[in-house]
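Just so we're on the same page: letters track the sequence lines, and every chain starts at 1. Since we're looking at a predicted model, the values are computed, not measured.
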There are 2 protein chains.
Amino acid sequence: MPDGSKSSDDASTDSMAVTDTFLRRYIGYRMKRAYVHIHNNAQAAIEGFGLRITTSSALHVVVENPDLSQSQLCLALNIERSRAVLLVDELEKLGLVKRNKVPQDRRSYALRATPAGEALFEKIAAHLARHEDALLAALSSDEKTQLAVLLDKIERSAVSARNAGA
Amino acid sequence: MPDGSKSSDDASTDSMAVTDTFLRRYIGYRMKRAYVHIHNNAQAAIEGFGLRITTSSALHVVVENPDLSQSQLCLALNIERSRAVLLVDELEKLGLVKRNKVPQDRRSYALRATPAGEALFEKIAAHLARHEDALLAALSSDEKTQLAVLLDKIERSAVSARNAGA
DNA sequence: TATTGTTATACTCTATAACTATA
DNA sequence: TATAGTTATAGAGTATAACAATA
């Protein structure tokens with residue numbers, strides 16, 4: 001029976017719709033379900049450019065903050081130092097970012113996007129914004145602003161709760 | 001210099017705060033940052049019970065839908081069949097869920113929570129709800145409702161867009 | 001042929017620890 | 001001693017393909 005629709009209205013042995021009412025009580029569950037779609041949409045938008053979301057995000061930050069170090073990149077993206085190494089490796093291999101030496105501190109690099117990196121960033125940023133707008137077309141401009149405000153509020157209160165410690 | 005604060009107001013070589021303005025333009029970026037906190041909070045709340053978020057979610061659905069099959073569990077949680085095998089394996093090993101035979105269809109199982117599984121579910125559900133409430137204490141009841149509505153709207157519109165196909 | 005559950009593989013993201021070279 | 005970057009390892013979630021048993 002390749003027909004996905006209900007074969008009849010009976011509630012006998014055949015599959016009644018499976019419910020997730022208990023899980024819907026958690027905002028986190030709803031957020032994860034929504035985020036999966038946003039993530040997949042962004043990934044699909046980017047993959048034509050040869051990057052993934054993580055590397056594209058790193059490129060965004062490097063373009064915006066020329067000569068930042070890998071540690072600073074980690075602070076901005078909330079990632080571990082070891083992760084930054086691989087992301088910058090990939091961006092450098094693609095010729096999008098360069099690790100420049102810093103005479104003042106020979107431990108660290110000054111990361112800078114190459115002209116190719118900046119050009120690709122511009123294309124990706126425009127493309128990503130358009131894709132997200134399309135995905136969120138059901139939301140009004142006000143609703144998108146509301147959502148952004150609420151998400152920021154969650155992040156800020158979570159961070160201050162964490163800093164308050166036990 | 002173990003002092004994290006600005007050593008002065010100069011903007012010379014020392015680290016000005018790294019910005020992520022470009023990324024903040026994407027709702028998806030803000031959502032990911034907020035979700036990380038919600039996820040970590042839920043994980044911390046659950047780990048004392050010996051489950052992870054994924055297995056706890058599966059337990060929620062099995063308790064709510066007695067005698068569902070693994071495939072139905074997959075539909076509810078939006079996961080792959082191969083993933084469900086491992087989740088149910090773990091829940092069964094812990095004595096929280098049982099795979100019962102189905103005479104009508106010997107391919108599939110009827111999953112059912114054991115009394116221990118139901119008892120643990122009750123404890124976890126109450127604990128999780130309290131933890132999430134604490135994390136989201138900065139949000140009013142109205143704001144939480146708003147957020148849930150917006151997240152659902154995103155999920156629904158994304159699913160219908162996907163079903164519309166290209 | 002199609003579906004249920006299973007196994008195996010691989011990729012991404014994440015987390016951790018240990019190491020080097022600098023400071 | 002502390003920090004910047006690196007390397008290696010492991011766990012978790014996800015995606016895919018192939019397979020046996022059953023429908």
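Among D:dT6, D:dA4, D:dA15, the nucleotide with an atom closest to any side-chain atom of A:V85 is D:dT6. When distances are taken from the side chain of B:S69 to each of C:dG5, D:dG5, C:dA8, the shortest belongs to C:dG5. Side-chain atoms of B:S82 lie closest to D:dT16 of the nucleotides D:dT16, D:dG5, C:dG5.
Between the NZ atom of B:K98 and the P atom of C:dG5 there is a distance of 15 Å, given to the nearest Å. Regarding B:L68, its CG atom lies at a distance of 18 Å from the P atom of C:dT3, rounded to whole Å. Here the P atom of nucleotide C:dT4 and the NZ atom of B:K101 are 17 Å apart, to the nearest Å. Distance, A:R83 CZ to D:dT9 P: 18 Å, rounded to whole Å. Between the CD atom of B:Q43 and the C1' atom of D:dG11 there is a distance of 11 Å, given to the nearest Å. Rounding to whole angstrom units, CG of residue A:D89 and P of D:dA8 are separated by 12 Å. Distance B:L111 CG to C:dT6 C1': 14 Å, rounded to the nearest Å. Rounded to an integer number of Å, the gap from CG of A:N40 to P of D:dT14 is 10 Å.
The salt bridge (Lys or Arg N to Asp or Glu O under 4.0 Å) check on B:R106 picks up nothing, with sequence neighbours excluded. Checked against side chain to side chain donor-acceptor pair (under 3.5 Å), A:S141 has no partners two or more places apart in sequence or in another chain.
Identified under the salt bridge (charged side-chain N to carboxylate O under 4.0 Å, His left out) test for residues 68-78 of chain A, with sequence neighbours left out: none. Listed by first and then second residue, the salt bridge (charged side-chain N to carboxylate O under 4.0 Å, His left out) pairs involving residues 58-75 of chain B are B:D67-B:R112 (not counting sequence neighbours).
Backbone-only contact: A:Q70 has heavy atoms under 4.0 Å from sugar-phosphate atoms and none from a base.
Between the side chains of A:H131 and B:Y26, no donor-acceptor pair of N or O atoms lies under 3.5 Å.
Listed here is the closest heavy atom pair of B:T114 and B:G95: OG1-O, 2.6 Å.
In summary, A:E132 and B:R25 do not engage in a salt bridge, as defined by a charged side-chain N under 4.0 Å from a carboxylate O. Ion pairing between a basic and an acidic side chain is recognised when a charged N comes within 4.0 Å of a carboxylate O; A:D152 and B:R33 show no such pairing.
Hydrophobic clustering of Ile, Leu, Val, Met, Phe, Trp and Tyr side chains at less than 4.5 Å, counting indirect connections, keeps B:L128 apart from B:L151.
The shortest distance between the side-chain N/O atoms of A:K32 and the OP1/OP2 oxygens of D:dT14 is below 4.0 Å. Within the 4.0 Å cut-off from OP1 or OP2 of D:dT3, not a single side-chain nitrogen or oxygen of A:Y109 is found.
Of the residues in residues 47-65 of chain A, A:R52, A:T54 come within less than 4.0 Å of DNA chain C through at least one heavy atom, sorted by number.
Counting only heavy atoms from C-beta outward, the side chains of B:E92 and B:R99 approach each other to under 4.5 Å.
Both A:S71 and B:I79 lie near DNA chain D, and the one whose nearest nucleotide falls closer to the 5' end is A:S71.
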Take nucleotides 18-23 of chain D nucleotide by nucleotide from the 5' end and write B, S or -, depending on whether a protein heavy atom sits under 4.0 Å from the base, only from the sugar-phosphate, or from neither. ---BBS
